[in-house]
Amino acid sequence: MTKSSEETAPAKSAPEPAAEPAGEARRMTRRGWTLVVSGSLFLIFVVLGSVVPVPFVAISPGPTYDTLGRDAAGNPVIQVTGHATQQTTGELRMTTVSLHDGVTLFQGLGFWASGRFALAPREDYFKPGETNEQVKQENIQQLQDSQTNAQVAALRKLGYPIKVLAKQIVSGSPADHVLAPGDRLITVNGKKIVEAADVRAALTGTLPGQTVQITFQSDGQPERTVPLTLAARPDRKEGFIGLTAVDRADAPFTVNISLQDVGGPSAGLMFTLAIIDRLQPGDLAGGRHIAGTGEITETGEVDPIGGISFKVVGAREAGATEFLVPEHNCAEAKTAAPAGLNLIKVSTLDDALAQLANLKAGRPTASC
């Protein structure tokens, strides 16, 4: 019995030391799960922050281009065929803004911390449902329109005649199937058409249902005069023809602008100045490094643009010492202009030419 009790005592006591390690293992398992869950959530956060875009775009100074120079392919930015061109010195540099879409959370934080980028809501630059390709095409169209406006404004300033063409014809309108895009408008309602604005002015006082005469000329064809019965539109009292008119220079030579991978309308002013500098003696830049921006109209008004605070930075980094600023952008430009960059206020093409003449002659310029 004694032996038996000695043999059974260890058997009874054996589970006791094993009970404590088992409890400790269960506590480690709970801590392990906590670490696993926390680590997984952190990993998910890292992946999402690195991959998933946020609804913001990053904006920074973009590249600049000398409109008196050459493009990436080595071709002159301003190409004139059928007319002698002038030698120029210095630079007339257009400026751009770079837009970075598809920004992730971590990229956005990095952009913001760099101090060189700004973040803006994506909806400010992209319409709902609009793709990058659609925005690119819109920017290309705006660039092409700015180039056309620059040619018209420059050649008008140089004294070349202007012709007015039909740009678009409204489907189902009185002009539909009568006129075509590209037709030259000569008279409307008995009034001579000298510039695009004359078409609307010629209809002042007319009423829907009234018949007016319109004289036009298709390419290579004799002039034609036809009657049109005016239609009605809810946004105007006078009669409606149904076409959009545009000014075009009527010059015996051609001007083309060669510049790739750039979009938007804001290079118009610098294109205009470069065309004038190529066609007219005078050397506008006069050896200086001049940059600028501004949308230009066919009649030479300089309209404000976006991104001026980034453009002045990009211009200074490219070596510019003078910057032509649309008048309505002056306040913003002053807050961001780097040291050594003289901001020159302009509101028209004539302003810009006068200020460049002042620079060349050593006279004061109109500052922002």
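By the side chain to side chain contact (heavy atoms under 4.5 Å, CB included) test, Thr229 pairs with Thr211, sequence neighbours left out. Evaluation of the side chain to side chain contact (heavy atoms under 4.5 Å, CB included) rule for Thr81 yields Thr254 as partners, not counting sequence neighbours.
Under the 4.5 Å side-chain heavy-atom criterion for grouping Ile, Leu, Val, Met, Phe, Trp and Tyr, Ile305 is not connected to Leu269 through any hydrophobic cluster. A single hydrophobic cluster is seen to contain both Leu158 and Val255, as judged by linkage of ILVMFWY side chains at heavy-atom distances under 4.5 Å, directly or through other members. By the criterion of side-chain heavy atoms lying less than 4.5 angstrom apart, applied directly or through intervening Ile, Leu, Val, Met, Phe, Trp or Tyr residues, Val152 is not grouped with Leu143; the two fall into different hydrophobic clusters. A single hydrophobic cluster is not seen to contain both Ile214 and Val170; linkage of ILVMFWY side chains at heavy-atom distances under 4.5 Å, directly or through other members, places them apart. Under a hydrophobic clustering in which Ile, Leu, Val, Met, Phe, Trp and Tyr are joined whenever their side-chain heavy atoms come within less than 4.5 Å, directly or via other members, Leu99 and Ile308 fall into different clusters.
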Exercise. Please report the C-alpha distance between Ile140 and Gln144 in whole Å, then the side-chain angles of each, then the deciding distance to 0.1 Å, and finally whether the side-chain contact (heavy atoms from CB on, under 4.5 Å) criterion is met.
Key: CA-CA 6 Å; Ile140 290 173; Gln144 292 172 346; 3.7 Å; yes
Quiz item: Stepwise, does the side chain to side chain donor-acceptor pair (under 3.5 Å) test hold for Gln137 with Glu133?
Solution: CA-CA 6 Å; Gln137 291 303 316; Glu133 184 60 29; 3.0 Å; yes
Exercise. For the pair Glu238 and Arg200, evaluate salt bridge (Lys or Arg N to Asp or Glu O under 4.0 Å) and give the outcome as yes or no after the intermediate values.
Key: CA-CA 9 Å; Glu238 68 268 19; Arg200 178 73 180 267; 2.5 Å; yes
Exercise. Take Arg248 and Lys163 through the test side-chain contact (heavy atoms from CB on, under 4.5 Å) and record every step on the way to the result.
Key: CA-CA 5 Å; Arg248 292 292 182 264; Lys163 57 186 177 182; 4.1 Å; yes
Quiz item: Please walk me through it: do Val80 and Ile78 pass side-chain contact (heavy atoms from CB on, under 4.5 Å)?
Solution: CA-CA 7 Å; Val80 181; Ile78 304 299; 4.3 Å; yes
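For residues 335-368, the set of pairs meeting the disulfide bond (SG atoms under 2.5 Å apart) definition, not counting sequence neighbours, comprises Cys330-Cys368. For residues 170-273, no pair satisfies disulfide bond (SG atoms under 2.5 Å apart), with sequence neighbours left out. Within the structure, disulfide bond (SG atoms under 2.5 Å apart) contacts touching residues 67-104 (residues at least two apart or in different chains) do not occur. The list of ring pair (Phe, Tyr, Trp, His ring centres under 6.0 Å) pairs with a residue in residues 296-353, not counting sequence neighbours, is empty. Counting only residues at least two apart or on different chains, no disulfide bond (SG atoms under 2.5 Å apart) pair has a member in residues 166-239. For residues 281-292, the set of pairs meeting the side chain to side chain donor-acceptor pair (under 3.5 Å) definition, not counting sequence neighbours, comprises Thr89-Asp283. Residues in residues 197-255 take part in these ring pair (Phe, Tyr, Trp, His ring centres under 6.0 Å) pairs, two or more places apart or across chains: His83-Phe253, Tyr160-Phe253.
Side-chain atoms of Arg156 and Thr299, non-hydrogen and from C-beta on, do get closer than 4.5 Å to each other. Between Arg316 and Val312 there is no side-chain heavy-atom pair separated by less than 4.5 Å. Residues Arg93 and Ile290 form no side-chain contact, since every pair of their non-hydrogen atoms from C-beta on lies 4.5 Å or further apart. For the pair Pro208/Leu230, no side-chain contact is recorded, criterion being any heavy-atom separation below 4.5 Å from C-beta on. The shortest side-chain heavy-atom distance between Leu68 and Asp277 falls under the 4.5 Å cut-off. The side-chain heavy atoms of Ile276 and Leu155, taken from C-beta on, include no pair separated by under 4.5 Å. With contacts defined as side-chain heavy-atom distances shorter than 4.5 Å, the pair Glu317/Val313 qualifies. Counting only heavy atoms from C-beta outward, the side chains of Pro181 and Lys167 never approach each other to under 4.5 Å.
Taking Ile, Leu, Val, Met, Phe, Trp and Tyr as members and joining any whose side-chain heavy atoms lie under 4.5 Å apart, directly or through other members, Ile186 forms no hydrophobic cluster with any other residue. Residue Val246 belongs to a hydrophobic cluster whose other members are Leu165, with links defined by side-chain heavy atoms closer than 4.5 Å.
Nearest heavy atoms, Val77 versus Asp71: CG2-N, 3.9 Å. Across every non-hydrogen atom of Ile162 and Ala249, the tightest pair is CD1-CA, 3.9 Å. When all heavy atoms are compared, the tightest approach of Gly62 to Ser98 is CA-OG, 3.3 Å. The shortest non-hydrogen separation linking Pro121 to Phe56 is N-CD2, 3.8 Å. Closest non-hydrogen pair, Ala320 versus Ala291, comes out as CB-CB, 3.8 Å. Pairing each heavy atom of Gln355 with each of Ala366, the nearest pair is OE1-N, 2.9 Å.
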Show every donor-acceptor pair shorter than 3.5 Å between a side-chain atom in residues 337-349 and any protein atom, with sequence neighbours excluded, or say none if there are none.
from: Asn342; atom 1: ND2; to: Glu322; atom 2: OE1; distance (Å): 2.8
from: Asn342; atom 1: ND2; to: Thr365; atom 2: OG1; distance (Å): 3.4
from: Ser347; atom 1: OG; to: Asp351; atom 2: OD2; distance (Å): 2.6
from: Thr348; atom 1: OG1; to: Asp350; atom 2: N; distance (Å): 3.4
from: Thr348; atom 1: OG1; to: Asp351; atom 2: N; distance (Å): 3.0

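Judged by distance alone, the side chain of Gln142 and the main-chain N or O of Ser146 form no donor-acceptor pair under 3.5 Å. A side-chain donor-acceptor contact under 3.5 Å links Thr297 to the backbone of Glu301. Proximity of a side-chain donor or acceptor of Asn189 to a complementary backbone N or O of Ala202 within less than 3.5 Å is detected. Asp176 contributes no side-chain N or O that, together with a main-chain N or O of Ser171, makes up a donor-acceptor pair within less than 3.5 Å. Proximity of a side-chain donor or acceptor of Thr96 to a complementary backbone N or O of Pro63 within less than 3.5 Å is detected. A donor-acceptor pair under 3.5 Å links the side-chain atoms of Thr293 to the main chain of Ser266, judged by distance alone.
To the nearest 0.5 Å, the span separating NZ on Lys237 from CG on Leu203 amounts to 15.5 Å. Taken from CG in Asp303 to CD in Glu295, the straight-line distance is 5.5 Å, to the nearest 0.5 Å. Note that the CG atom of Leu259 and the OG1 atom of Thr67 stand 9.5 Å from one another [nearest 0.5 Å]. Taking OH from Tyr65 and CE from Met94, the interatomic distance works out to 7.0 Å, rounded to the nearest 0.5 Å. Taking OG of Ser309 as the start and CD of Glu332 as the end, the distance is 4.5 Å to the nearest 0.5 Å. Atom-to-atom distance recorded for Leu356:CG and Leu284:CG is 5.5 Å, nearest 0.5 angstrom.
No side-chain donor from either of Asn75 and Gln79 sits under 3.5 Å from a side-chain acceptor of the other. Counted by atom type alone, Lys311 and Thr64 present zero donor-acceptor pairs between their side chains at under 3.5 Å.
Using a 4.0 Å cut-off between charged side-chain N and carboxylate O, Asp219 and Arg184 make no salt bridge.
Ile169 pairs with exactly one of Ile241, Asp183, Leu243 by the side chain to side chain contact (heavy atoms under 4.5 Å, CB included) rule, that one being Leu243.
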